[in-house]
Amino acid sequence: MTDNVNFNDIAVLLVAAGRGSRAGTELPKQYQSIASKTVLAHCIDRFAEALPGAKILAVIHPDDIELYRHAIQTVSADIQLLPPAIGGATRQESVLSGLNALHEDVVKYVLIHDCVRVFASDKLIHAGLRAAQISGAAIPVLPVSDSLRKAISSERTAPVDREGLLAVQTPQCFSLELIHSAHVKAAAAGRKDFTDDASLAEWAGHEISTFPGEAGNFKITQPEDFMRAEAMLLAELADIRTGYGYDVHAFGPGDHVWLGGVRIPHGRGLVGHSDADVGLHALTDAILGALADGDIGKLFPPSDPQWKGAASHIFLAEAVRRVRARGGMIAHLDLTLVCEEPKIGPHRDAMRAEIARICDLEIDRVAVKATTSEQLGFTGRREGIAANALATIRLPLRRKEA
Ligand code: MG
């Protein structure tokens with residue numbers, strides 16, 4: 001398939017309705033973060049990259065609407081992400097709910113995928129789509145390589161001949177009409193127990209074709225799978241860069257300052273075109289520096305009236321968006337504020353939390369430090385506040401354009 005193909009009659013249905021936690025306390029796997037993005041967001045990005053223009057629909061648990069909203073914050077606005085469908089009591093009901101949501105659309109083919117498989121390759125996805133376009137129903141399979149045994153009782157097992165046995169993966173790829181009518185037929189017949197869509201389609205009388213699965217297309221289920229997935233994702237982000245940012249704002253009249261995204265009551269304010277948050281400005285420039293993407297003054301010119309009094313989290317969020325648009329992540333942010341007043345210590349953790357929130361980062365990737373300049377220089381004379389920042393980012397080796 002060429003670069004110019006638009007996949008706008010294709011939909012990807014991501015099954016994300018499972019709660020998947022034995023203890024019931026831990027976050028469902030699709031909403032856990034690896035390499036700075038949720039498993040679900042990695043999966044959405046993967047399919048959007050393989051199938052530009054395709055519609056992507058997640059089916060989620062009714063209790064997870066907030067989790068979902070947060071999980072997709074990193075997803076680019078260019079991706080055709082449909083509003084989520086609400087899943088049912090079983091996987092089968094959840095898929096039907098998603099298919100019903102797609103049915104009114106212009107979609108001809110649907111790829112039904114377990115959202116905890118984040119490494120489906122372009123080759124696998126395109127092979128599945130081609131197979132479905134030919135046969136109407138196609139699934140990826142892999143020969144079983146381990147020896148197999150079957151439990152007979154609690155003590156006894158017996159060998160199983162693995163000859164001819166195949167493990168089934170996703171995406172399972174179908175004509176939408178075929179799989180939707182098969183699901184409707186199964187629901188009408190009271191069948192609720194199909195664990196995958198191929199067996200359901202087969203029950204409804206359709207032949208299933210196969211295409212080669214991939215060992216790398218594994219499900220993230222156990223803790224060791226998370227470690228393996230994170231190592232693989234970080235290995236793709238091997239262009240590691242550090243950027244530096246510096247900013248100063250002078251004190252002026254006022255009763256508060258904004259520092260590190262936190263409003264601190266103070267006898268004076270900071271003078272600036274925006275809210276004069278010297279900390280967020282330095283961080284923004286550090287990230288832009290790591291991207292070699294200009295500086296805050298170029299992106300948000302003080303001459304532009306729309307930035308007058310602007311909240312500086314807008315600037316920082318835009319820098320972060322640029323990192324994500326390049327397929328990258330922020331590995332670490334380190335901010336040092338230089339001032340005699342106000343005291344930073346009591347607000348340090350609030351600043352870290354706010355910066356982490358703006359950048360959608362874990363808090364242990366954000367450092368805020370403070371120092372005085374021993375009453376020397378302009379900061380020592382309490383004329384203003386200076387800020388220094390470092391940003392470490394990771395970008396894919398394979399260059400993506402923002
Ligand atoms: Mg500034």
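Every heavy atom of this structure was used, including side-chain atoms; hydrogens, water molecules and symmetry mates were not. Order of listing sets the numbers, starting from 1, for every ligand and every atom in it.
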Near the Mg ion (ligand 1), which protein N/O/S atoms fall under 2.8 Å?
-> D247 OD2, H249 NE2, H281 ND1
Parallel under 30°, tilted from 30 to 60°, perpendicular over 60°: which one fits the rings of F315 and F300?
-> tilted
Is the closest side-chain donor-acceptor distance between S94 and H61 under 3.5 Å?
-> no
Please tabulate, for the side chains in residues 346-354, all donor-acceptor contacts under 3.5 angstrom to protein atoms that are two or more places apart in sequence or on a different chain.
residue	atom	partner	partner atom	Å
R348	NH1	V368	O	2.8
D349	OD1	R352	NH1	3.4
R352	NE	V366	O	2.8
R352	NH2	I363	O	3.1
R352	NH2	V366	O	3.4
E354	OE1	R357	NE	3.1
E354	OE2	R357	NE	3.4
E354	OE2	R357	NH2	2.7

If you draw a 6.0 Å radius around CD in E374, do more than 12 non-hydrogen atoms from other residues or ligands fall strictly inside?
-> no
Mind checking side chain to side chain donor-acceptor pair (under 3.5 Å) for T379 and listing every partner two or more places apart, or none if nothing turns up?
-> S373
What donor-acceptor contacts under 3.5 angstrom involve side-chain atoms of residues 252-261, with partners at least two apart or in another chain?
residue	atom	partner	partner atom	Å
H256	ND1	R263	NH2	3.2

